[in-house]
Structure formats: structure tokens, C-alpha cells
Amino acid sequence: MKPGKLSRIISQNLRRNRKNLIFSSVGIVVGISSFFFFIALGNGIKHTVAKEIFPVDANRIQVVPRTAQFDALAGGRIIDDEALRQFEETSGVKAVYPRMQLACLASSRMDGRLIPAAALSMIAKIPGINPRMLGAVKDVRMWLEIMGNGIDPRLVQDDVVAGRFADPGPGQPIPVMLSRRMIEIYNTSFAQARNLPKINEMLLPFIPPLPLTLNHSFISHHVKGQALQTRMRVVGLSHHAIMGGISIPLETVKKYNRMFAGKRAAREYDAAILEVESSDWLGPVQESIGKLGFDIDLSERRMAESVGLIVTLVTLGFSLISLIIVGIAAVNIAHTFFMIIYERKREIGLMRALGASRTDIRAIILGEATFVGVVGGTLGMGLGVAACLLLDLFVVKVLPDFPFKPDSFFAYPAWLFYGSVLFAVAFCILGAFFPARRAAAMDPSAALTGR
Amino acid sequence: MIHLDHISRKYGTGEAATSALSDLTLDVPAGAFVTVVGTSGSGKTTLLNILGGLDGDYSGTAVIAGKNLKQMNDRELSRFRNQVVGFVFQHFNLLEHLDALQNVALSTFFSREDTQAPERAEEVLARVGLRDKLRKLPGQLSGGQKQRVAIARALFSRPRLILADEPTGNLDTNTGSQIISLFESLNADDGLTVVAVTHEEFLFKNATLALHLEDGRLVNGQNP
Ligand SMILES: Nc1ncnc2c1ncn2[C@@H]1O[C@H](COP(=O)(O)OP(=O)(O)O)[C@@H](O)[C@H]1O
Ligand SMILES: [Mg+2]
């Protein structure tokens with residue numbers, strides 16, 4: 001049968017059976033819309049987890065010294081320059097980014113009254129900063145114990161937005177990277193409750209250098225030697241910065257460790273991040289590193305993986321429910337089509353007498369089902385999109401900020417759009433398959449005499 | 001036009017099998033006008049279905065318009081029904097949602113040719129005397145008019161053989177005889193071979209061959 005003729009006869013039939021078909025495609029619409037909704041939700045949440053909460057670079061692993069209790073047995077070693085060299089030489093390793101903890105204690109005493117008037121008037125000009133916030137900033141009196149961690153500047157280069165992240169010259173403020181995760185929590189709880197401005201990358205250039213005292217603590221009184229007054233300047237936010245503290249250039253940490261804790265402290269790294277050539281290398285590199293006498297710290301990755309897994313499972317569960325709805329709808333479609341061909345028995349016999357082949361009859365029935373699928377799938381998809389947008393709107397407008405609150409809970413992979421329609425079509429065709437087969441197999445002479 | 005050689009048709013199997021046609025042999029030349037009579041259940045419809053390629057479950061050989069039906073697959077048989085034969089039924093079998101023109105042109109959906117469907121439909125409707133009823137739905141037509149539409153539908157794709165199964169069975173005598181005249185004209189003026197099943201044999205005065213079926217057997221095949 002020619003496609004043009006086929007589509008004309010299909011449209012004739014569809015018009016005639018409009019009511020039946022609309023009724024039986026409701027299930028398809030509902031199923032597909034919930035399918036769309038849950039897949040988009042699962043994807044969106046996974047996206048948020050992967051980008052904001054547990055950003056894990058698939059090609060990076062963290063190497064740490066082997067835990068002390070097994071030292072003797074397993075030949076554990078410290079991470080020093082020699083170890084870094086060995087890491088670099090390990091096949092599959094593309095880059096090595098060492099980390100070193102600041103060995104001395106540090107503190108900061110922030111006093112809003114000490115912020116220069118010039119800096120305050122600059123802050124006042126930033127959009128979103130209101131006079132009340134400015135007042136709150138002036139009222140700040142904060143005594144902070146500070147943990148420091150030295151990181152390889154190459155690791156955070158892309159995240160630097162206000163100045164340079166490298167060991168500063170003498171007398172210059174120390175550049176600092178802060179953890180995105182930490183700032184997110186500060187913004188959505190701490191800042192909110194105290195009416196302090198939220199910190200974001202736009203604000204960073206306006207934050208004046210803050211005081212920092214090295215080799216000093218508000219808590220411990222066993223600090224030997226002289227304290228060193230200096231300043232720090234926040235130059236960027238990064239996922240590579242540590243959660244509870246400040247991340248500063250590795251060289252700076254080495255310098256102060258040598259100064260306050262001795263040579264050994266300036267030689268010993270506490271971790272190194274290895275970037276592998278490709279994820280295929282993860283296994284082999286882990287093995288080589290183990291043989292060298294080091295451990296791999298997988299806690300972040302495990303956490304991300306288990307959260308990802310939970311999200312995937314929940315999404316899968318809901319999608320399955322949606323597919324069951326669509327499946328039931330397909331049974332409904334089958335029912336409708338059995339009814340339709342029963343009603344049209346004589347007509348099918350007549351069409352056979354007028355020259356329709358079995359294939360033609362099957363094509364007509366399946367064509368009708370395809371149309372129902374396309375329409376049902378498109379409507380379902382539209383309904384799904386609408387539901388997603390509505391929920392986003394509700395969350396953005398109505399719910400207060402909470403940590404990691406995304407701009408959207410949904411992510412829409414391209415396949416989801418045509419996939420929804422294809423699913424609907426597939427299920428409709430599945431539903432119409434047996435009715436179509438029966439219609440095609442019908443004995444035309446019997447159908448015509450109404451037997 | 002029609003060559004039947006030892007045609008038998010059974011329904012069911014074993015004990016329960018009924019023989020709808022038994023050992024039927026028949027030769028009908030092109031241009032003939034054949035009537036088929038017989039009591040209800042004598043196998044008349046079964047015979048027409050075999051002739052028209054609607055029923056292939058028979059034994060024996062049927063060659064219609066030079067084609068051995070047994071040797072054709074579903075596609076070829078469908079094309080044969082589309083192009084070579086035209087069916088007319090007792091119950092008209094018009095589609096209620098289509099008007100006369102659309103009903104008549106229905107077979108164009110299943111033909112490979114791009115027939116000028118509306119023009120051809122109008123032409124055949126004029127031929128059966130319904131030039132002024134083109135846009136009427138079946139519900140708006142009388143019984144005789146419906147059967148004329150059905151005949152026009154059978155004529156649409158220029159078949160050579162018309163198979164009519166009790167075409168006057170649902171009509172009053174007067175209307176019935178008008179329909180019969182139409183068939184006679186199609187036979188005489190348009191040269192179509194006609195096979196008509198009927199109870200009212202006496203109405204077909206110009207039949208060239210009158211077949212009498214009894215329990216699926218041909219009782220006589222004489223020229224009246
Ligand atoms: N589809 C069928 N299934 C079973 N038996 C049938 C079928 N069609 C016809 N028959 C039987 O075959 C015989 C001939 O039927 P048919 O050709 O319809 O007779 P007629 O048209 O002369 O009334 C009857 O006994 C009828 O019951
Ligand atoms: Mg009959």
C-alpha cells in the first residue's frame with residue numbers, strides 16, 4: 001500500500017474512532033509523563049550530586065601514606081619528593097598534585113570595625129548587598145581557629161577569579177581558596193541567619209585582605225615560638241579546597257612548615273592526587289601505587305558512588321512504575337483495538353474483497369496505533385515537562401534556600417524527548433500487535449457474511 | 001473466463017466436516033451471464049468466494065481470467081480482487097461514514113495505480129444512474145440506491161468479472177428487477193461477465209447459463 005493512501009485511510013479511521021482512542025491513550029499520556037518526570041528528576045539530582053555535592057573527577061585518585069598500624073608489615077612510606085617522582089613515573093599517570101597540611105596552628109580574628117571605609121563603600125555597591133547586611137558586616141567579631149592546607153596551584157588554576165594563586169612575596173597577603181561546599185553551607189545557613197552577605201565569585205574581588213596569625217591558637221597554649229601576623233586574601237572557590245579550613249599555595253605551606261615545624265614537616269606531603277590518562281588506568285595505577293607502599297583514599301569516591309547509586313535505584317524504581325503504567329496502557333490499547341476490529345469485522349472483509357492484502361490490513365491497524373502513540377507520547381512528554389517546570393517554580397519561589405539547592409531539580413537529556421515518544425509508540429504498537437495480527441488473519445469471506 | 005476443475009470445499013475436519021461444494025467442474029466463457037440458484041446452504045456463496053479469490057481453502061483447480069488462483073500469494077490475490085473482479089453483496093456493505101463517492105472509490109486505496117479517483121467514481125455513479133447522489137451518505141439513500149452505489153463500487157476499477165451474491169435479496173421486487181436490468185445492461189452493453197446468485201431465477205430472462213446447486217453439487221448446468 002502506498003504511504004500516502006495508507007495515511008489517508010488511517011486518518012479516516014482515526015476520526016471515526018476518536019472517542020475510543022482518546023480514552024485508551026489516557027494511560028499512555030499519564031505513564032509517559034511520569035516516566036519523563038522521574039527520569040528528568042533522577043538526572044537532575046544526579047547532576048547536582050556530581051557537580052555540587054560530591055564532585056568526583058573520574059580520572060583522579062587520592063594517594064595517602066599507608067595507615068600507621070600496618071607500617072612495619074606493609075612497608076608503608078611517607079609521601080616525599082622521591083615518592084612524587086615515582087608516582088609521576090608510574091605508567092598511566094598523567095599528573096601528580098601533592099597536598100601538604102600546614103603544620104603550625106593558625107587563627108584569625110575578624111573585626112568588622114577594622115574594615116577600611118573604602119572597602120565597605122565598595123562592598124555597598126555590589127548588587128544584592130543591602131544596608132542591613134553592611135551593618136552586620138561591621139558588627140562582625142569572629143575568633144577563628146584555622147586549618148591550613150597547601151595545594152598545588154595547577155589543581156585550582158581554573159577556579160581563581162580574584163588575583164593570583166601562588167606563593168606571595170614577603171609582606172603580601174596569602175592567596176586562599178575556599179571550599180565551594182563549605183561556602184554553600186555558609187551561604188544557606190550561617191549567612192542567612194546572621195544577615196551576612198552571601199559569598200560568591202562576584203563578591204570575592206571586593207573582600208579586603210583578612211588578618212591571619214600563624215603559629216598562634218586561641219585554644220592551645222602550648223605554641224612554642226613567636227606568632228607571625230600576616231594577611232590572607234580569598235582568590236577563588238574550588239572543589240579542590242578543603243572543607244574546614246583554607247587552602248593556600250603548596251610553596252607557602254612548605255615555607256611556613258620549615259619556619260615553624262622543622263625540615264621534616266616541610267618534606268612530608270599528606271596526600272597526592274594522581275590524574276590518570278583515562279579511567280581504564282584507574283585499576284593498574286592503584287595496583288602500582290599499592291606496590292610502592294601507599295594507600296588510595298576512596299572515601300569521597302565511595303560516598304559519591306553510593307549516593308549516585310541510591311539516586312539511580314530510586315529513579316529506576318519510579319521509571320519502572322511509569323513503564324508499568326504504560327504497559328497497562330498498552331493492554332488497554334490492545335483491548336480497544338480488539339474491540340475496534342470486532343466492530344469493523346465486516347468492513348475489514350469488505351476491504352479484503354476490494355483488494356486489501358493481509359499486510360495492508362495489518363499496516364492500517366498498526367498505523368492507527370502509531371498515531372495514537374505519537375500523539376499520546378507527545379502529550380505525555382509535554383505534561384512531563386510542565387510538571388517539571390511547575391515543581392521547579394514552586395521550589396524556587398516557595399521553599400527557602402537550603403544547602404546545594406539547585407536552580408533546577410531536573411536535567412533533560414536529549415534522548416528523553418524522542419525516547420518518550422518512541423516508548424509510547426513502541427507500547428502502542430505492542431498493544432496493537434495482536435489485534436492487527438488477528439485482523440490480518442481474518443477469513444474475509446466469513447467476515448463478510450458476518451460469521 | 002472461468003474454468004473450474006473438480007472443485008471441492010469442506011468446512012471443518014473429520015466427523016464434523018461439512019461439504020460446502022463437491023467436485024464442481026465448470027467452464028464459463030467471457031461475456032457470459034450466469035445465474036446461480038439453490039436453497040440456503042447449498043454452497044452458492046462459497047462458490048462466489050472461490051471465484052473471487054476470497055477463499056483459497058478448496059481442492060481442485062480454479063483458473064479465472066487466465067489466472068490459476070492457487071498459484072498466487074496473498075499480495076497477488078489481493079491485486080486480482082482489486083483489478084479483475086467486482087463484488088456485489090446482498091447487504092450492500094457500504095461504509096456508513098463515507099459518502100457515495102468515497103464508498104465507490106474505496107478500492108483505490110489498495111490499488112497500485114493512482115486512479116483519478118473522484119472522476120472515475122463520478123463516472124461509474126453516473127453509469128448506475130446516481131449522478132445526483134454523489135455526496136449522499138448511505139443513510140440518506142434508499143435500498144435500491146444503496147445497491148446501485150455498491151454496483152458502482154464494483155465497477156470502479158474496471159473489472160472483467162462481476163460477482164453478485166443475492167443482489168436483490170434485500171430489495172422489493174420492483175427495485176430488484178431494476179437492479180437486474182442494470183446487471184443485464186452491464187453484461188450486454190459493457191461486455192462484463194456476470195455471475196449472480198439469486199432466488200428469483202425467473203427475473204433473469206437473459207441469462208446465458210443457469211446453475212443449480214444442491215448440497216454443494218451442480219445439479220444442472222444447462223443453457224436456458
Ligand atoms: N465459514 C464457514 N464455516 C463453517 N461452515 C460454513 C462456512 N461458510 C459456509 N459454511 C457452510 O457451508 C455450506 C454452504 O454455505 P454457503 O455457501 O454460505 O451457502 P449459500 O450461500 O448457498 O446459502 C453451509 O452448510 C454452511 O453452513
Ligand atoms: Mg449465501
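Residue numbers begin at 1 in each chain, while the letters A, B, ... track the order of the sequences. Everything numeric in this text was worked out from a predicted model, so none of it was measured.
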Main chain of [Y], side chain of [X]: is a donor-acceptor contact present, judged purely on distance under 3.5 Å?
X: B:N49; Y: A:S445; answer: no
X: A:K5; Y: B:S111; answer: yes
X: B:D74; Y: A:S357; answer: no
X: B:R81; Y: A:R352; answer: yes

For the candidates A:G4, A:G349, A:A353, which exhibits the highest count of non-hydrogen atom pairs separated by less than 4.5 Å from chain B?
->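 Highest number of pairs under 4.5 Å: A:A353.
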Contact origin within A:I361 toward chain B - heavy atom pairs under 4.5 Å |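 Neither; nothing under 4.5 Å.
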Max heavy-atom pair count under 4.5 Å with chain A, selected residue of B:T46, B:N93, B:L163, B:V85 =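 Looking at each of B:T46, B:N93, B:L163, B:V85 in turn, B:N93 comes out on top.
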Highest number of heavy-atom pairs under 4.5 Å with chain A: which of B:R112, B:Q83, B:R75?
->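 It is B:R112.
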Looking only at non-hydrogen atoms, find the nearest pair between A:A356 and B:S78 and report the distance.
->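 Where A:A356 meets B:S78 most closely, the heavy atoms are O-OG, 3.5 Å.
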How far does CE of A:M351 sit from CZ of B:F109, to the nearest 0.5 angstrom?
->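 The CZ atom of B:F109 is 9.5 Å from CE of A:M351, to the nearest 0.5 Å.
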In terms of heavy-atom proximity below 4.5 Å to chain A, should B:F89 be classed as side chain, backbone, both, or neither?
->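 Side chain only.
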Heavy atoms under 4.5 Å from chain A: which residues of residues 98-107 of chain B carry them?
->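 Within residues 98-107 of chain B, the residues that come under 4.5 Å of chain A (heavy atoms only) are B:L98, B:Q102, B:L106, B:S107.
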I'd like to check [X] versus [Y] (side-chain heavy atoms, cut-off strictly below 4.5 Å). Are they in contact?
X: B:L95; Y: A:L350; answer: yes
X: A:L448; Y: B:L54; answer: yes
X: B:R153; Y: A:L354; answer: yes

What are the residues of residues 7-27 of chain A, in order of number, with any heavy atom under 4.5 angstrom from a heavy atom of chain B?
->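 The stretch touches chain B at A:R8, A:I9, A:Q12, A:R16.
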Does NE2 in B:H97 sit with more than 12 non-hydrogen atoms of other residues, nucleotides or ligands closer than 6.0 Å?
->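 Counting neighbours around NE2 of B:H97, more than 12 heavy atoms of other residues, nucleotides or ligands fall under 6.0 Å, so yes.
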Is it the case that more than 12 heavy atoms not belonging to B:R217 sit under 6.0 Å from its CZ atom?
->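 Check fails, neighbour count at 12 or below.
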